[in-house]
Structures are given as structure tokens and as C-alpha cells.
Amino acid sequence: MLILGKQVAADTRAQLALQVKDFEQKYRRKPCLAVIIVGEDPASQTYVRNKIKGCAEVGMASLSYEYGATTPQAEIAAKLKELAADPDVDGILVQLPLPEGFDEKYLLSLIPDSKDVDGFSPTNMGLLAMGRPRTISCTPFGIMKLLESTGTTLKGKRAVVIGRSNTVGKPMAMLLLNADCTVTVCHSKTVGLAEIASQADILVAAIGKPRFVTADMVKDGAIVIDVGINRVDGKLVGDVDFEAVKDKASFITPVPGGVGPMTITMLLANTLQAAIKAEEDR
Ligand code: NAP
């Protein structure tokens with residue numbers, strides 16, 4: 001069966017819109033997300049446009065700052081410090097990847113933990129690792145909502161995550177562990193990956209290689225989550241060989257229309273939570 005991320009995202013955004021309305025009535029302002037983009041990468045520009053559009057859709061305010069790839073880093077740092085100190089800004093996001101020559105770690109460190117709506121800061125990642133999550137990285141957070149939408153109990157399930165990036169693979173593994181799954185993480189140096197994957201009740205593919213997961217790597221009845229976004233001959237394809245795997249899986253996310261729509265939705269949810277926390281702490 002297909003997991004229709006687009007539908008789950010639409011339902012979640014409708015709920016968020018109501019919560020944003022309540023927030024605005026209570027605090028006389030809108031939650032606000034600030035986005036910084038550096039350079040002209042077309043994929044990044046599309047992502048940023050969709051994030052701004054998403055804010056408007058649920059009734060949130062947004063600010064976007066565009067910088068050329070040759071902008072001095074100090075100028076971007078100064079803007080980040082200004083946004084960090086602005087009480088009307090609840091979430092700050094720097095669109096990644098940054099063009100060559102920028103110090104990503106330094107610029108991201110200027111975002112206070114309380115406004116880190118991507119959930120990338122060492123504190124937010126650490127809290128997740130300790131089983132006390134505060135702000136959760138948007139893509140894995142969205143995947144947990146998709147798993148929830150299947151009605152499956154996660155406790156005791158064998159989960160295999162392929163990919164160990166700080167933004168997807170690692171936080172995904174920690175969330176599944178926190179949900180009482182038995183988790184294995186695979187990566188480019190894993191020996192016997194196909195065998196390990198084929199034992200998974202829940203298989204998450206976050207690799208960035210088109211149709212990497214073939215039918216022989218999938219257990220009958222497994223839930224298969226395809227995070228990959230790859231462009232092949234002008235078409236978007238995932239990391240899973242969808243046509244070959246769909247009849248073996250009990251549930252599977254399509255690409256596009258699976259994980260993707262949930263990522264921005266959870267960014268909006270994180271921004272609203274940051275705004276509520278900021279008001280409660282004032
Ligand atoms: P990434 O940082 O490039 O990480 C890829 C991971 O895959 C690495 O851990 C790497 O292992 C592993 N890998 C690469 N080749 C492998 C192989 N042959 N066998 C096993 N593991 C292998 O990528 P990412 O940021 O996690 O993103 C993964 C994919 O998800 C990309 O297609 C990206 O576009 C997509 N994505 C989608 C969304 C969404 O909203 N749908 C959000 C984020 C990312 P090593 O660590 O050993 O190098």
C-alpha cells in the first residue's frame with residue numbers, strides 16, 4: 001500500500017493552520033521563520049520558495065534573505081546575529097549546502113538552539129540521542145509521522161536505516177531507537193548490506209543513489225521509506241527500485257509525493273513550537 005505523504009502533509013498543515021490562528025489570537029503576532037540562502041543553486045532556490053510558500057499557507061510570517069555566492073561571510077554572520085537577537089523571529093534556517101568557501105559549522109553555530117528549527121544543533125541532536133528530543137530534524141520527524149499514519153506498532157520491530165548523514169540517517173536511527181525498534185545503520189563501508197536490509201521490518205533508504213534498494217534487499221511485508229531524491233533523465237526517482245519493491249512491501253512511500261512533502265511541514269511545526277516556547281519563556 002502507498003503511504004501518501006502528500007495527503008498526510010496536507011492534513012498536518014490544516015491542523016497547523018488552526019494552531020497558528022490560536023497562537024495569533026493569544027499573542028497578537030504570527031510565528032515567524034527567517035530563511036537565508038547563499039548562491040544560486042536552483043534546487044536550493046526551489047526548496048526556499050516552497051518553505052516561504054508553506055509559511056503563508058499555514059498563516060505564518062516569513063523573512064527571506066538572498067546573498068550572492070561572493071558575499072563576505074561576515075555580512076551573513078552579522079545578519080544571523082541580528083536575527084538571533086530579534087524577539088519577533090522564532091526560527092532561523094540557513095539553506096544547505098552553502099557555496100564553497102563558507103564555514104557551514106561556524107554560520108550554523110550562530111543560530112541559537114531555541115531558534116534551530118532544522119534541529120541540526122549539537123544540543124538538539126544530543127537531546128535526541130539521550131531520548132529527550134526537543135527540536136527534531138525535519139525529514140526524520142516527518143518520516144515518524146508517516147510511519148504513525150500506517151497504524152503499525154513500532155515497538156520491537158527490526159529497523160534498518162541505510163545512510164548515516166547528520167541530517168537524515170543518524171537522527172532517523174535515534175528516533176526509531178527511541179520508539180523501541182531494534183536498529184541497524186548501514187553506510188558505504190557496510191559489509192553484507194543486502195542481507196542486513198532483507199531482515200528489516202522497517203527499511204529507510206537515505207543514500208542518494210537512484211534505485212539502490214532492489215527487491216532482493218526487501219523482506220516480504222516490510223515498510224519501505226524512500227528518502228532519496230535523484231534526478232534521472234529529467235525525472236525524480238528515489239533510492240528504492242519502486243516498481244520492483246512495491247508488491248513486496250506492506251507499505252511504501254512514492255517519490256515524489258512521499259517523504260518530501262513532510263519535510264517542510266515539520267519545519268512549519270517546529271517553527272510554531274519554537275514560537276510557543278518563546279512566548280511561554282518571556
Ligand atoms: P548524504 O549526506 O550524501 O549521505 C548519504 C549516506 O548514504 C552516507 O551515509 C553514505 O555512507 C551512504 N551511502 C552512500 N553510498 C552508499 C552505498 N553504496 N552503500 C551504502 N551506503 C551508502 O545524503 P543525505 O543528505 O542523507 O540524503 C540522502 C538522500 O535523501 C539524497 O538523495 C537527498 O537528496 C535525499 N533527501 C531527501 C529529503 C526529503 O525531504 N525527501 C531530505 C533530505 C535528503 P558514508 O557515510 O559511508 O559515506
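Fair warning: this is a prediction, and the values are worked out from it, not measured in the lab. Ligands are counted one by one from 1 in listed order, and the atoms in each one are counted from 1 as well.
- Of the protein's non-hydrogen atoms, V227 O, 3.6 Å is the one closest to atom 36 (N) of ligand 1.
- Given atom 29 (C) of ligand 1, the protein heavy atom at minimum distance is G208 N, 3.7 Å.
- Atom CD1 of I52 and atom CD1 of I37 lie 9.5 Å apart (nearest 0.5 Å).
- Contacts of I229 with ligand 1, taken as heavy-atom pairs under 4.0 Å, involve both backbone and side chain.
- The shortest distance between side-chain heavy atoms of V8 and E148 does not fall below 4.5 Å.
- Of all the heavy atoms of K209, the ones lying under 4.0 Å from any atom of ligand 1 belong exclusively to the side chain.
- The backbone N or O of D226 sits less than 3.5 Å from a side-chain atom of T253, completing a donor-acceptor pair.
- Taking every heavy atom of G163 and a limit of under 4.0 angstrom, the matching atoms of ligand 1 come to 6 (C), 7 (O), 9 (O).
- Residue, atom and distance of the protein heavy atom nearest to atom 25 (O) of ligand 1 are T167 OG1, 3.8 Å.
- Within the set V168, N166, V237, D226, the minimum heavy-atom distance to atom 27 (O) of ligand 1 is found for V168.
- Residues N124 and L128 have side chains not in contact (no heavy-atom distance under 4.5 Å, counting atoms from C-beta outward).
- For the residue pair Q7/D11, the side-chain donor-acceptor check at 3.5 Å is satisfied.
- Of the protein's non-hydrogen atoms, the one nearest atom 48 (O) of ligand 1 is S188 OG, 3.6 Å.
- Between the side chain of N270 and the backbone N or O of V117, at least one donor-acceptor pair lies under 3.5 Å.
- In this structure, the side chains of T182 and K157 stay at 4.5 Å or more apart for every pair of heavy atoms.
- At least one heavy atom of G260 sits less than 4.0 Å from an atom of ligand 1.
- Ligand 1 has no atom lying under 4.0 Å from any heavy atom of G169.
- Only side-chain heavy atoms of T139 come within less than 4.0 Å of ligand 1; its backbone N, CA, C and O stay farther off.
- Under a 4.0 Å criterion applied to the non-hydrogen atoms of T263, ligand 1 contributes the atoms 39 (C), 40 (O).
- With a 4.5 Å cut-off on side-chain heavy atoms, L96 and L108 count as touching.
- Shown in contact with F212 at under 4.0 Å from a heavy atom are these atoms of ligand 1, numbered in order with element: 17 (C), 18 (N), 19 (N).
- At a cut-off of 3.5 Å, with distance as the only test, no side-chain donor of S137 or T167 sits close to an acceptor on the other residue.
- With a 4.0 Å cut-off on non-hydrogen atoms, T190 does not touch ligand 1 at all.
- Of all atoms in ligand 1, listed by their number and element, those nearer than 4.0 Å to a heavy atom of V259 are 41 (N).
- Judged by distance alone, with hydrogens and angles left aside, the side-chain atoms of Q73 form a donor-acceptor pair with the main-chain N or O of D103 at under 3.5 Å.
- Closest protein heavy atom to atom 16 (C) of ligand 1: I207 CG2, 3.7 Å.
- The shortest contact between atom 26 (O) of ligand 1 and any protein heavy atom is with S165 OG, 2.6 Å.
- Closest protein heavy atom to atom 8 (C) of ligand 1: R164 N, 4.0 Å.
- S121 and D113 are linked by a side-chain donor-acceptor pair at a separation below 3.5 angstrom, with hydrogens and angles left out of the test.
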